[in-house]
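Have a look at the structure below before the remarks.
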There are 2 protein chains.
Amino acid sequence: MSSIADKAVREEVRLSELDIEAIEMFINFFKVIGLPKSVGEIYGLLFVATRPLSMEDLMERLQISLGAASQGLKLLRSVGAVKVVYAPGERRDHYVADLELSKFATSFIRDELKPRLERALQRVERMESLAEEMDPKERKVAFQRIDRLKHWMERGQKMMPWILKFLVT
Amino acid sequence: MSSIADKAVREEVRLSELDIEAIEMFINFFKVIGLPKSVGEIYGLLFVATRPLSMEDLMERLQISLGAASQGLKLLRSVGAVKVVYAPGERRDHYVADLELSKFATSFIRDELKPRLERALQRVERMESLAEEMDPKERKVAFQRIDRLKHWMERGQKMMPWILKFLVT
DNA sequence: ACAAGTTTTCAATAAAAAATGAAAGGAATA
DNA sequence: TATTCCTTTCATTTTTTATTGAAAACTTGT
């Protein structure tokens, strides 16, 4: 009798001030790594919630749509930031925040930064071979710059495992 | 006779393959730190250019508008990524890329990350005072989580100077 | 297998961000 | 100081990204 689909108007459930602070914090934090507001809202609320919340709980409290809730949870699950927990006697899934924040950084580095750097290094190699064909004077300048690029990419690659170690410890 | 304003159709100036590789690389790189395509294009072209380029050069080669060129250069100058150089006998300004890539990271950390972290820490303090007023059982859980947040923010703050040192060296 | 509850997907819509270009504001030259 | 050239600004348009919600696809209980 309280399914999501047939509920015409969603009932207003007030968020506490603490909830709001946490939510705003995570919205801002997630924005840095390019994630949409709704994802920050969901994680923020789950972070301060003292019990697992269902998708409908999230929709009610955050006043977001079914689709946004579903997709946000999917993304958060995929990066290990949210876990599904079994709620006895309840049919719907319930979700909790994984408090191990280092997981964000880890998956951000693994899924975003690392592949980008690898593609960039390939590009630099291609640039080197293109620069071979330039006339001597220009080639010198070109190589100088390409080398500098290469240097920075390698430096970035070296730095990532270190950051990971720092975060995981 | 070759002013920007009265040139109805902009003449096409071909980019070399090397130019294109560099531009694509920087577009991708800049996207990570949330900068628009046009900024990456401008920096990329200046990075491989063997001579200083004027704003009109950039508009022609990249096929971007006056406004995009002006604003992109303004931003890049503001983070120290592009310098204005004097071109003898030329009226218009000419621009070169500053190859010291660490400057990006430095200004990104200083202008984006640091202030965010500071605001977030303030929020965490506010969260702590709000949690004081919760009932004992919930308060315990709340403090546990807030402490964890605090721990990560402090860790982030400690990490930044280290990253900076690593980059500047 | 059926029915009711729940989640996912995705085409349509809304919101946010970036690009455009006309007009205003500055600088250099004459 | 007037004129011309160049740059900046900003209201408008375009493009990109996020959100919505109906319909499809699952799940669980009977």
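Letters go in sequence order (proteins before strands), and every chain restarts at 1. Model, not experiment: these values are computed from the prediction.
- Here dC5(D) presents its C1' atom at 12 Å from CG of Leu66(B), a figure rounded to the nearest Å.
- Toward the 5' end of DNA chain D, the nearer of the two residues Glu41(A) and Ser54(B), judged by each one's closest nucleotide, is Ser54(B).
- In terms of the side-chain contact (heavy atoms from CB on, under 4.5 Å) criterion, residue partners of Ala105(A) (sequence neighbours excluded) are, by chain and number, Leu167(A).
- Proximity of Ser38(B) to the phosphate of dA19(C): a side-chain N or O atom is located under 4.0 Å from OP1 or OP2.
- Going from atom CG of Leu53(A) over to atom P of dT7(C) covers 13 Å, rounded to whole Å.
- Between the CG atom of Leu58(B) and the C1' atom of dA19(C) there is a distance of 16 Å, given to the nearest Å.
- Atom CZ in Arg92(B) sits roughly 13 Å away from atom P in dT8(D) (whole-Å rounding).
- Using a 4.5 Å heavy-atom threshold, the side chains of Val124(B) and Ile146(B) count as touching.
- Side-chain proximity of Ile64(B) to dT20(C), dT8(C), dT7(D): nearest is dT20(C).
- Taking the side chain as every heavy atom from C-beta outward, Met55(B) and Leu66(B) approach each other to under 4.5 Å.
- Asp98(A) has its side chain out of reach of Val82(A): every pair of non-hydrogen atoms, C-beta onward, lies at least 4.5 Å apart.
- Judged as a ring pair (Phe, Tyr, Trp, His ring centres under 6.0 Å), the pairs with a partner in residues 80-104 of chain A (not counting sequence neighbours) are, in order, Phe30(A)-Phe104(A), Tyr43(A)-Phe104(A).
- Comparing atom distances between the Ala68(B) side chain and each of dT20(C), dT7(D), dT7(C) picks out dT20(C) as nearest.
- The stretch residues 26-36 of chain B touches DNA chain C through Pro36(B), each having a heavy atom under 4.0 angstrom from the strand.
- For the side-chain contact (heavy atoms from CB on, under 4.5 Å) test, residues two or more places apart in sequence or in another chain that qualify with Ala49(B) are Leu53(B).
- The residue Ser70(A) sits close to a base: some heavy atom pair falls under 4.0 Å.
- Rounded to an integer number of Å, the gap from CG of Asp93(A) to P of dC26(D) is 16 Å.
- Across residues 76-88 of chain A, Arg77(A) each have a non-hydrogen atom less than 4.0 Å from an atom of DNA chain C (numbered order).
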Hey, what are the protein-to-nucleotides 26-30 of chain C N/O distances that come in under 3.5 Å?
unit_1  : atom_1 : unit_2   : atom_2 : d
dA28(C) : N3     : Arg91(B) : NH2    : 3.2

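- Panel note: side chain Arg155(A), backbone Phe166(B); a donor-acceptor pair is recorded below 3.5 Å.
- Between Lys37(B) and the phosphate of dT15(D), there is no side-chain N or O to OP1/OP2 separation shorter than 4.0 Å.
- Atom CD of Glu56(A) and atom P of dG5(C) are 12 Å apart (whole Å).
- Evaluation of the salt bridge (charged side-chain N to carboxylate O under 4.0 Å, His left out) rule for Asp19(B) yields no partner, not counting sequence neighbours.
- Residues Ile109(A) and Ile163(A) have side chains in contact (heavy-atom distance under 4.5 Å, counting atoms from C-beta outward).
- Considering CZ of Phe47(A) and CG of Leu99(A), their distance stands at 5.0 Å, rounded to 0.5 Å.
- By the salt bridge (charged side-chain N to carboxylate O under 4.0 Å, His left out) test, Arg116(A) is found to be paired with Glu112(A), residues two or more places apart in sequence or in another chain being considered.
- Distance CD/Glu125(B) to CG/Leu130(B): 12.0 Å, rounded to 0.5 Å.
- Among residues at least two apart or in separate chains, salt bridge (charged side-chain N to carboxylate O under 4.0 Å, His left out) pairs with a member in residues 21-44 of chain B are Arg123(A)-Glu21(B), Arg123(A)-Glu24(B), Arg126(A)-Glu21(B).
- Every pair passing salt bridge (charged side-chain N to carboxylate O under 4.0 Å, His left out) that includes a residue from residues 136-149 of chain B is listed here, sequence neighbours excluded: Glu100(A)-Arg148(B).
- One atom, NZ of Lys74(B), and another, P of dA18(C), lie 15 Å apart when rounded to the nearest Å.
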Sequence neighbours left out, cut at 3.5 Å: what donor-acceptor pairs do the side chains of residues 68-80 of chain B make with other protein atoms?
unit_1   : atom_1 : unit_2   : atom_2 : d
Ser78(B) : OG     : Leu75(B) : O      : 2.7

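- Rounded to an integer number of Å, the gap from CD of Gln71(B) to C1' of dG21(C) is 12 Å.
- With distances taken from any side-chain atom of Met55(A) to the nucleotides dT20(D), dT8(C), dT7(D), the minimum falls on dT8(C).
- In the helix from dA1(C)-dT30(D) to dA30(C)-dT1(D), the rotation axis of the first five pairs and that of the last five pairs differ in direction by 30°, rounded to 10 degrees.
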